[in-house]
2 protein chains.
Amino acid sequence: MTQPKTDPRVLRTRKLIMDSFIELSGKKEFKDITIKDITTEAMINRATFYYHFEDIYDLLEKVLSEVLLVNLNYDTYENDELNEEAFVRIFTAITNFQKSLSNRCHRGYEDTIGRIIREQLEIIFYKMMLKQNRMEHDESLKITSVILSWGIYGASVEWKRNGMKVPMEEFIKSAIPFLVSGIDFGSKI
Amino acid sequence: MTQPKTDPRVLRTRKLIMDSFIELSGKKEFKDITIKDITTEAMINRATFYYHFEDIYDLLEKVLSEVLLVNLNYDTYENDELNEEAFVRIFTAITNFQKSLSNRCHRGYEDTIGRIIREQLEIIFYKMMLKQNRMEHDESLKITSVILSWGIYGASVEWKRNGMKVPMEEFIKSAIPFLVSGIDFGSKI
DNA sequence: GGCAATTTGTTGTTTATACAACAGATTGAA
DNA sequence: TTCAATCTGTTGTATAAACAACAAATTGCC
């Protein structure tokens, strides 16, 4: 629980870089954004960029992760239980997230984006289940999180592929009964 | 002309401190603002404050100078000549500046504020006259700037002391003919 | 293809900022 | 007044950021 507190200079610089990248993403396509563009906008030295990020793809990943977390309203979920409402909200969040990205400038990075979404979902599901089931670090919960993250993400992809005919909420709700029974399994023993 | 370019870290940190101070000034009285308040708001270390400013009065001076410069729209004046319109605008600017300050939180610092205003006026007058008179660094221009800065500032004080009965523009305009003839003296030789 | 210009990533050195610890001053309440 | 708590200003040390210089890769144009 007691994390070693990261240097405020680091937080400040990372925020400058990420905000600049988001800002630039609104003006240019991803492929046209150079490191120099970002560091100039952020008013930091180009070498400093490489102190924090491997390259521009690393930055992209981290920015997307963070934006997604904000969309998912992370703090709220930490205190919530994994019920029908939670599934609907998470599904809605990631689906909207994907829609907003595909409108924008990150064409050709669907795979990356998909991976990022699943990774974040996995973390969130695991934490929520851990809380709900009151057990120690449990391998079976981890695997369940993986399955859920792939499942929910897949559902989102499928919904788009089907032409988004059914309303989002309705679409996911039809699968929830099964999901919730499955989730409750652990706590019923 | 070729200034040695200040470290971007310095610019960034100074801005953080000054902005935080301005922000806090809106919430608290000056006397209740501590260095810790400022550095916490700015998310910088307290020791770093003392790297840039002697103390909180030093900060106050520099913030006021900067705010005043913005009010005076410095860049514009650099290209303008010192005619009637310029005098009116400068007078209006400093008078409004003083009014806005006395409404706020800096009670008891009228002397400081007055000195800051005169210092800035002096710089501006000198630059404008230098341009207008096309002569090298000239001591008589400097002295004239001093006299003008005190004079204009005094006029502003007097206008307030008289209960601000006459409109600002009218008040200063009545003194301008003399001022402008005086100023033109140099270029007429 | 070939060539110039730009971009990428890296490195070594200098400088600004973070941080903890300190003594002395100031505040405020008992 | 007295005492505790807070605030001020300073110092030494560790670390992040700036900067300049570089080779290699990429881009764009002929």
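As the structure is a computational prediction, the values presented were derived from the model and not from experiment. Residue numbering restarts at 1 for every chain, and letters A, B, ... go by the order of the sequence lines.
In this structure, B:Asn162 contributes its side chain and B:Met164 its backbone to no donor-acceptor pair below 3.5 Å. Without hydrogens or angle criteria, A:Arg118 side chain to A:Val146 main chain gives no donor-acceptor distance under 3.5 Å.
Rounded to whole angstrom, the span from the CG atom of A:Leu16 across to the P atom of C:dT17 amounts to 13 Å. Distance, A:Asp32 CG to C:dT6 P: 16 Å, rounded to whole Å. In this structure, NZ of A:Lys31 is placed 12 Å from C1' of D:dT27, rounded to the nearest angstrom. At whole-Å resolution of the value, CG in A:Asn45 and P in C:dT17 are 15 Å apart. In this structure, CZ of A:Arg14 is placed 13 Å from C1' of D:dA17, rounded to the nearest angstrom. The CG atom of B:Asp37 sits 13 Å away from the P atom of D:dT6 (whole-angstrom rounding). A straight line from CG of A:Leu11 to P of D:dT15 spans 17 Å, rounded to a whole angstrom. Across the protein-nucleic acid pair, B:Lys5 atom NZ and D:dC19 atom P stand 7 Å apart, rounded to whole Å.
Looking at which nucleotide of DNA chain D each of A:Asp7 and B:Glu54 is closest to, the 5′-most match is held by B:Glu54. Along DNA chain C, the nucleotide nearest to B:Val10 and the one nearest to A:Phe49 differ in position, and the one closer to the 5' end is contacted by A:Phe49. Where A:Pro8 and A:Ile35 meet DNA chain C, the nucleotide closest to each residue was compared, and A:Ile35 sits on the side nearer the 5' end.
Out of D:dT8, C:dC19, C:dT17, the shortest distance to the side chain of B:Ala47 is found at C:dC19. For B:Asp55, whose side chain is taken as the heavy atoms from C-beta onward, the closest listed nucleotide among D:dG9, D:dA18, D:dT11 is D:dG9. Taking every side-chain heavy atom of B:Tyr50 into account, D:dT10 is the closest of D:dA21, C:dC19, D:dT10. With C:dT8, D:dC19, D:dA16 as the candidates, the nucleotide lying closest to the side chain of A:Arg46 is C:dT8.
Ion pair B:Arg115/B:Glu119 flagged as a salt bridge, since at least one NZ, NE, NH1 or NH2 atom sits closer than 4.0 Å to an Asp/Glu carboxylate oxygen. With salt bridges taken as basic N to acidic carboxylate O contacts below 4.0 Å, none links A:Glu170 and A:Lys173.
In this structure, B:Phe125 and B:Phe87 have tilted ring planes: the angle between them lies in the 30° to 60° band.
Under 4.0 angstrom from either OP1 or OP2 of C:dT17 there lies at least one side-chain N or O belonging to B:His52. A sub-4.0 Å separation between OP1 or OP2 of D:dA18 and a side-chain N or O of B:Arg12 is present. When the side-chain nitrogen and oxygen atoms of B:Tyr51 are compared with OP1 and OP2 of C:dT17, none of them lie within a distance under 4.0 Å.
Taking only distance into account, the side chain of A:Arg9 meets the base of C:dT17 through a donor-acceptor pair shorter than 3.5 Å.
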